[in-house]
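Only one structure is covered here, and it is reproduced in the block below.
Source: prediction; values computed, not measured.
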Amino acid sequence: MARIVSIDYGKKRTGIAVTDPLQLIAGGLATVSTSDLYRFLVDYMQREAVERVVIGKPLQSNGLPSENLPRVQLFVAYWQRHQPEIPIEYYDERYTSVLAHQAMLEGGLKRKDRRNKALVDEISAVILLQNYLASRNFRK
């Protein structure tokens, strides 16, 4: 099987997570500058087989689009034009940042480490991917 990659897309930084080849476990891969995201993913996919990309759909708690949604949609459109063989799909990312902060706190990270926004983005991508895998398994 090929891996699944998840993206927590941000204006400046983007967190990336990936499954193991059996698509059982999600783990953090990296946090990259958003301007380097496409190039990073293409380079990664030259080394690893990837089945699909899951990208967080930024919604407000009331379900309305957040201010980041147009940027995410532009990236998705670009991806679909340049990488049509690898599907990209949206998945609700609400509360992933809150859950990432909570996981860091429960994991005993020091205050300084919890302020590391790059780490928060990567953990958010992991949570997004874990939720995606759980929902996919539930649908089966």
[X] with [Y], same ILVMFWY side-chain cluster at under 4.5 Å:
{"X": "Val53", "Y": "Leu129", "value": "no"}
{"X": "Ile16", "Y": "Val76", "value": "yes"}
{"X": "Val5", "Y": "Val32", "value": "yes"}
{"X": "Phe75", "Y": "Tyr90", "value": "yes"}
{"X": "Ile25", "Y": "Ile4", "value": "no"}

What residues form a salt bridge (charged side-chain N to carboxylate O under 4.0 Å, His left out) with Glu48, not counting sequence neighbours?
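Partners of Glu48 under the salt bridge (charged side-chain N to carboxylate O under 4.0 Å, His left out) test: Arg3.
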Got a sec, which residues hit salt bridge (charged side-chain N to carboxylate O under 4.0 Å, His left out) with Asp36, two or more places apart in sequence or on another chain?
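If we apply the salt bridge (charged side-chain N to carboxylate O under 4.0 Å, His left out) test to Asp36, skipping adjacent residues, the hits are Arg39.
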I need the [X] [atom1] to [Y] [atom2] distance, nearest 0.5 Å.
{"X": "Arg47", "Y": "Asp43", "atom1": "CZ", "atom2": "CG", "value": "6.5 Å"}
{"X": "Tyr132", "Y": "Thr19", "atom1": "OH", "atom2": "OG1", "value": "10.0 Å"}
{"X": "Arg136", "Y": "Tyr91", "atom1": "CZ", "atom2": "OH", "value": "11.5 Å"}
{"X": "Lys57", "Y": "Leu69", "atom1": "NZ", "atom2": "CG", "value": "6.5 Å"}
{"X": "Glu93", "Y": "Ser124", "atom1": "CD", "atom2": "OG", "value": "8.0 Å"}
{"X": "Thr31", "Y": "Phe40", "atom1": "OG1", "atom2": "CZ", "value": "9.0 Å"}

Check whether any side-chain heavy atom of Pro21 lies under 4.5 Å from a side-chain heavy atom of Met1, and answer yes or no.
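They are not in side-chain contact.
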Heavy-atom side-chain contact between Asp92 and Leu59 under 4.5 Å:
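Asp92 reaches Leu59 side chain to side chain.
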Nearest heavy-atom pair of [X] and [Y]: which atoms, and what distance?
{"X": "Leu24", "Y": "Asp20", "result": "N-OD1, 2.8 Å"}
{"X": "Gln23", "Y": "Leu133", "result": "O-CD2, 3.8 Å"}
{"X": "Glu67", "Y": "Arg71", "result": "O-NH2, 3.8 Å"}

Applying side chain to side chain donor-acceptor pair (under 3.5 Å) to Gln83 and Tyr38, what does each step give before you reach the verdict?
CA-CA 10 Å; Gln83 299 294 328; Tyr38 179 79; 2.9 Å; yes
Could you check whether Asp121 pairs with Arg13 (Lys NZ or Arg NE/NH1/NH2 to Asp/Glu carboxylate O, under 4.0 Å)?
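The answer is yes: the pair qualifies as a salt bridge.
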Given the rule in the side chain to side chain contact (heavy atoms under 4.5 Å, CB included) test, do Val72 and Ile55 qualify, once you have shown the distances and angles that lead to the verdict?
CA-CA 8 Å; Val72 172; Ile55 190 165; 3.7 Å; yes
Using a 3.5 Å distance criterion without hydrogens, assess whether the side chain of Trp79 forms a donor-acceptor pair with backbone atoms of Ile86.
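Checked: pair present.
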Would you say Asp8's side chain and Leu128's backbone share a donor-acceptor pair under 3.5 angstrom?
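Judged by distance alone, no pair lies under 3.5 Å.
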